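As the structure is a prediction and not an experimental result, all values here were calculated from the model.
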Amino acid sequence: MNACLVNNFSPHTGAGKYAFNLFQELRKIDSQIEMHYFGKSVNHKGVNEIGFDFKLPFLDSTIKNTYFIPKKIPSTHSIYHATNQFLSQLAVYRKPCVVTCLDIIPITQKNDFNPVLRHFLKKSIDGLKKSEHILAISQFTKNELVQKLGINEDKVTVTYLGFDKRIFLSKNKQLARKVLGFENAHEIILNVGSEEPRKGVDIALKAFSIILRTHPDAIFVRVGEKTKKTEKLILANLRNNSRES
């Protein structure tokens, strides 16, 4: 089958890992499957890198996802797969098209985005309605597609994401603590994610400041962005705890 996957996320991101791993597994079944990738060099066999010789002054990736990427994909394939919902406009221009939907947050969490960005993000998601089929990564996402967008439930299949067993495996906790230098910590609070408001980094830090009152040896470990906003929150919590102690 002359099929192709379309991806615009780096393999270092969550959505990118999904797209590249899916591509590699499908290639084991059919070596003719291709990926059209909008990003920097990855040197994967079967991956066609498609770039733009221009950069828009605002909302570059969002507008390209909606208006430019779909038209850049060759019309010579027998089936297309947009590997995330922000590429769903592909379903308007290339048929048949399957779209993986991770979430519809620009529609359900409107306050997280300014009106202009929200408009274009919503536009990029609208193509879901034009697809032949949708792969939702959870039952929750499927329910939202049906309830919020009015998509027929028969058009949506729940397809859970896999994980890399070489990375996610059981390890000795004491050894891990020693390697990370946390062997003297009684409790470790782990926070993973971006600084988008819906991730609640500020709430996690406030909760940790409360934990410190009774567990002063606890450590807060954060994996994700380290911006000035987070640093200010950390300093504010440290000052509050110093005053209280």
Side-chain angles (χ1 to χ4, degrees), residues 7-22 39 58-63 65-66 82-88 99-125 128 134-145 147-149 158-164 167-168 176 180 182 185 187-213 215 218-241:
N7 171 42
N8 60 329
F9 277 98
S10 159
H12 303 297
T13 64
K17 279 185 171 65
Y18 160 73
F20 278 99
N21 285 331
L22 175 63
F58 66 101
L59 300 178
D60 181 72
S61 61
T62 301
I63 291 177
N65 292 347
T66 307
T83 56
N84 66 77
Q85 66 277 7
F86 298 118
L87 293 172
S88 68
V99 181
T100 288
C101 183
L102 308 173
D103 58 59
I104 54 170
I105 285 171
I107 293 173
T108 59
Q109 304 285 336
K110 295 180 180 179
N111 293 334
D112 282 9
F113 308 93
N114 68 61
V116 176
L117 176 58
R118 187 169 68 240
H119 168 77
F120 285 106
L121 287 173
K122 184 178 181 300
K123 180 70 175 177
S124 69
I125 291 175
L128 286 164
I134 300 170
L135 304 179
I137 66 167
S138 68
Q139 186 62 49
F140 179 82
T141 297
K142 177 174 179 175
N143 293 343
E144 288 204 321
L145 288 167
Q147 297 166 10
K148 304 293 185 181
L149 296 184
V158 176
T159 307
Y160 298 108
L161 299 179
F163 66 95
D164 191 336
I167 299 174
F168 300 99
L180 295 170
F182 297 151
E187 288 84 18
I188 298 174
I189 310 300
L190 176 64
N191 175 261
V192 182
S194 69
E195 283 196 355
E196 295 173 74
R198 63 190 175 86
K199 299 292 186 176
V201 176
D202 56 336
I203 297 173
L205 285 168
K206 288 177 183 176
F208 181 67
S209 69
I210 297 173
I211 291 172
L212 284 175
R213 297 172 191 172
H215 299 77
I219 293 179
F220 185 91
V221 178
R222 173 161 167 72
V223 179
E225 297 168 297
K226 184 181 179 182
T227 64
K228 291 182 179 179
K229 179 182 177 182
T230 298
E231 289 179 353
K232 288 180 180 178
L233 286 170
I234 292 171
L235 290 173
N237 279 294
L238 286 174
R239 284 195 294 268
N240 289 338
N241 279 289

Shortest non-hydrogen contact between [X] and [Y], atoms and distance:
X      : Y      : value
Ala204 : Phe220 : O-CE1, 4.0 Å
Val99  : Asn84  : CG1-O, 3.9 Å
Pro106 : Phe113 : CA-CE1, 3.6 Å
Thr62  : Thr66  : O-OG1, 3.0 Å
Ala136 : Lys142 : CB-N, 3.8 Å

Exercise. Any side-chain donor-acceptor pair under 3.5 Å between Asn8 and Asn65?
Worked result: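 Their side chains do contain a donor-acceptor pair, which is all the 3.5 Å distance test asks for.
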
Problem set entry | Thr141 and Ser138 side chains, donor-acceptor separation under 3.5 Å |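 Distance-only check passes for Ser138 and Thr141.
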
Answer yes or no: is there a side-chain heavy-atom contact under 4.5 Å between [X] and [Y]?
X      : Y      : answer
Asp103 : Phe140 : no
Val201 : Arg222 : yes
His119 : Lys122 : no
Asn191 : Phe208 : no

Problem set entry | Under 3.5 Å: donor-acceptor pair, side chain of Ser88, backbone of Ile125 |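 Such a contact is found between Ser88 side chain and Ile125 backbone.
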
To the nearest 0.5 Å, what is the distance between [atom1] ([X]) and [atom2] ([Y])?
X      : Y      : atom1 : atom2 : value
Phe86  : Phe9   : CZ    : CZ    : 6.5 Å
Thr108 : Leu149 : OG1   : CG    : 9.5 Å
Gln109 : Ile104 : CD    : CD1   : 10.0 Å
Thr13  : Phe20  : OG1   : CZ    : 8.5 Å
Ile105 : Gln85  : CD1   : CD    : 8.0 Å
Cys101 : Leu145 : SG    : CG    : 4.5 Å

Problem set entry | Within 6.0 angstrom of Lys123 NZ, more than 12 heavy atoms from elsewhere |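 Incorrect, the count does not exceed 12.
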
Exercise. What do you reckon, is CG of Asn111 surrounded by more than 12 foreign heavy atoms closer than 6.0 Å?
Worked result: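 Atom CG in Asn111 is not packed in, count stays at 12 or less.
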
For this session: For Asp112, check salt bridge (Lys or Arg N to Asp or Glu O under 4.0 Å) against everything at least two apart and list the hits.
Result: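 Counting only residues at least two positions away or on another chain, Asp112 forms no salt bridge (Lys or Arg N to Asp or Glu O under 4.0 Å).
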
Problem set entry | Results of salt bridge (Lys or Arg N to Asp or Glu O under 4.0 Å) for Arg198 - residues two or more places apart only |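 Checked Arg198 against salt bridge (Lys or Arg N to Asp or Glu O under 4.0 Å); matches are Glu196.
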
Problem set entry | Sequence-distant partners of Thr159, side chain to side chain donor-acceptor pair (under 3.5 Å), two or more places apart |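 By the side chain to side chain donor-acceptor pair (under 3.5 Å) rule, Thr159 matches no residue at all.
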
